[in-house]
There are 2 protein chains.
Amino acid sequence: MNLKTLAQELGLSPTTVSRALNGYPEVSEATRMRVMKAAEAANYRPNTQAKRLATGRAMAIGHIIPISTRHEIVNPVFADFIAGAGEVYARRGYDMVITIVPDDQEARAYAELRSKGNVDGVLVHAPKVEDHRIAMLDHLGMPFVLHGRVSGIESSYSWVDVNNVRAFTRATDFLLDLGHRRIALINGIGNMDFARRRRRGYEQALMARGIAPDPALITEGEMTEAQGHDAARAMLQLSNPPTAFLTASLLSAMGARRGIEEAGLKMGRDISILTHDDELGYLRNGTAEEPIFTATRSSVREAGRRCAALLIDQIESGDRTPRHELMEAVLVLGQSTGPAPTR
Amino acid sequence: MNLKTLAQELGLSPTTVSRALNGYPEVSEATRMRVMKAAEAANYRPNTQAKRLATGRAMAIGHIIPISTRHEIVNPVFADFIAGAGEVYARRGYDMVITIVPDDQEARAYAELRSKGNVDGVLVHAPKVEDHRIAMLDHLGMPFVLHGRVSGIESSYSWVDVNNVRAFTRATDFLLDLGHRRIALINGIGNMDFARRRRRGYEQALMARGIAPDPALITEGEMTEAQGHDAARAMLQLSNPPTAFLTASLLSAMGARRGIEEAGLKMGRDISILTHDDELGYLRNGTAEEPIFTATRSSVREAGRRCAALLIDQIESGDRTPRHELMEAVLVLGQSTGPAPTR
DNA sequence: CACCATGCCCAAAGCGCTTTGGACTTGAGT
DNA sequence: ACTCAAGTCCAAAGCGCTTTGGGCATGGTG
């Protein structure tokens, strides 16, 4: 069923049927009703490709996911972010097209998406400390929103980010207030911008109290259970071990807890853990009423929603002035933190 | 830059340029070369929408992800599956379009995708024990491949699945061989077909040795860390507790381990854990050489690859005879299992 | 009564590609 | 010398929609 035959059946021109369906005013309410009814009955829906070609709008947003050929890790945050963004796309009539690409071909993938014209804009993930994608997208003239920021260039493009510095200073302050002085940071990969910011927050809080960050208490890596475990285990064997761990993900926190318990210590009493919590669907921090870990909490799914909304707003309005949304993490109290043990 | 202007610049007709680019034989090698060079230089790529409209092929595969409005869990397996499928799509020139939809509108979403014509086929996820989607898709006449199967109807459509029954009988047999008699099953949600199959495998193995499955040792639910923990904890307080746990996911296994250790027991010595491992990128079971948990292992990412390849093959060949791929899980030995403690 | 704005509808062009159905050369075959 | 196949190329017709630029009543206004 297409426009033409539907129009014929109705004894109308395709023009009128199209206008009736798209809500243009040049058609009487009576015929509009008639058209709508007929379309419904015939289960007619305009062909997407034709519509796109005619309007010049792809009605689609792209996400490019680079996959490293070496350590093929899929960003654990990805699924939830996608879910959030996807909600918004669906609501506003956009398709979400995801491109998986070997990481050495990422630039080419953006250029192709652009020249083939199959998206109206892209959402950019996981910015690194030095990220060339911004310049590239600017050059391509492709609308985009960054989930996160690149330190140094923050005003020339649109982004949605969590206030990572603030979250981690608050977290560190909280532990300091509990009397902890040896606080370890189990961070994400060092060249990720968000990890850099979290470290900055942590170090600032320490230095504000006159404590010099101890490199032995800082570790960076992929945020897995094993990472948390191995880091905690190693640090607890130091001659001057930490009394608290600050971890960048719930998975790392779970690993750290295991390391602690293996050492015969009790979390929340002998050793504290404070973690960042992205509120991933499959990884809950206890229940809403009773969190397990004390955590800085910020929904990555909500971030997905906001990124998507921001990008669509920009595309539809044609307004290219950069916009920013800074989300604040809340600090929720769980059972994993307590006063520093006196000894 | 479009076909017409490129053709003009070359002093050729659009027809010839199109044919040169698409590898048709009706064009001399000399001009083909000339065209290719010019296209490369002009950074020309045919407009996707126009191509799609002209050919009638969307060159895209759809994935519909229903999101429950109640417990908004994103399937933890999703990201890895997508990554695997996406690799194949990229290689074969297809787009992946993902639709997030409230679970009560899933049927409508498929119908829309079909009538709007923006995909050539769909990949169907997470089949339930009674799954109406197969009948619906058949009715819509939309090519699809199911990741998993629906017990009872297995021949009328194409699927890729892990041999869950076999994996779980083997796992159970392995534990039985180690002398375990009280083996608990911490399973996925009961109305998921894969969970049903796993349970079947588990029960068959027990009964083959004359052991009646004990309902008190079987629990079903979302496969989270908390689930594993709570289930293990509860079961260990039974008057006749299990000596081994069979879990459906690494996350559940991690939770079970925590429950075990809280009870003052040692995993692998006092209590065994054997888990299924989907080889998710962000959730590794130790290292390849040294797995932590003994596990039935099967890569969900590889399943994604196979599903995608199968679907594209079907679409391109036009051959609608159902095809099936059954993947066997391997049983890898870790440190979480040992002989049943004698007492 | 003439005029014009308004409301409603349509024919046709165009979006950028593919593909059908020739047209025109060449060179080999008879 | 004539025919015919093979090799190259092109004009034009779609694909299914939107949108431009009218056309034709109708009814209110001067």
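The sequence lines fix the lettering, A, B, ..., with proteins before strands; numbering per chain opens at 1.
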- Message: Is any side-chain heavy atom of A/N47 closer than 4.5 Å to one of A/N2?
- Response: no

- Item | Proximity to the side chain of B/S13 - top-ranked nucleotide from D/dC17, C/dT18, D/dA11 | D/dA11

- Task: Kindly state whether the ring of B/F78 and the ring of B/H147 have centres lying under 6.0 angstrom apart.
- Result: no

- Message: Under 4.0 Å, counting only non-hydrogen atoms across every strand here, what does B/T15 touch: a base, just sugar-phosphate, or nothing?
- Response: base

- From the candidates D/dG16, C/dC8, D/dT8, the one with an atom nearest any side-chain atom of A/S28 is C/dC8

- Checking all strands, does A/G11 fall into the base, sugar-phosphate, or nothing category for heavy-atom contacts under 4.0 angstrom? sugar-phosphate

- Note on the structure: Out of C/dT18, D/dT18, C/dC9, minimum distance to the side chain of A/V27 belongs to C/dC9

- Item | Plane angle bin for B/W159 and B/H324 - parallel if under 30°, tilted between 30 and 60°, otherwise perpendicular | parallel

- Among the nucleotides D/dG14, D/dT19, D/dG16, which one has an atom lying closest to any side-chain atom of B/A54? D/dG14

- Message: Base, sugar-phosphate or nothing for B/R19? Non-hydrogen atoms, less than 4.0 Å.
- Response: base

- Note on the structure: The nucleotide from C/dT19, D/dC10, C/dC9 with an atom nearest the side chain of B/Y24 is C/dT19

- Please state whether the rings of B/Y157 and B/F144 are parallel, tilted or perpendicular, taking 30° and 60° as the class boundaries. parallel

- Item | Residue closer to the 5' end of DNA chain C, A/E26 versus A/T55 (nearest nucleotide) | A/E26

- Item | Proximity to the side chain of B/L53 - top-ranked nucleotide from C/dT19, C/dG16, D/dC17 | C/dG16

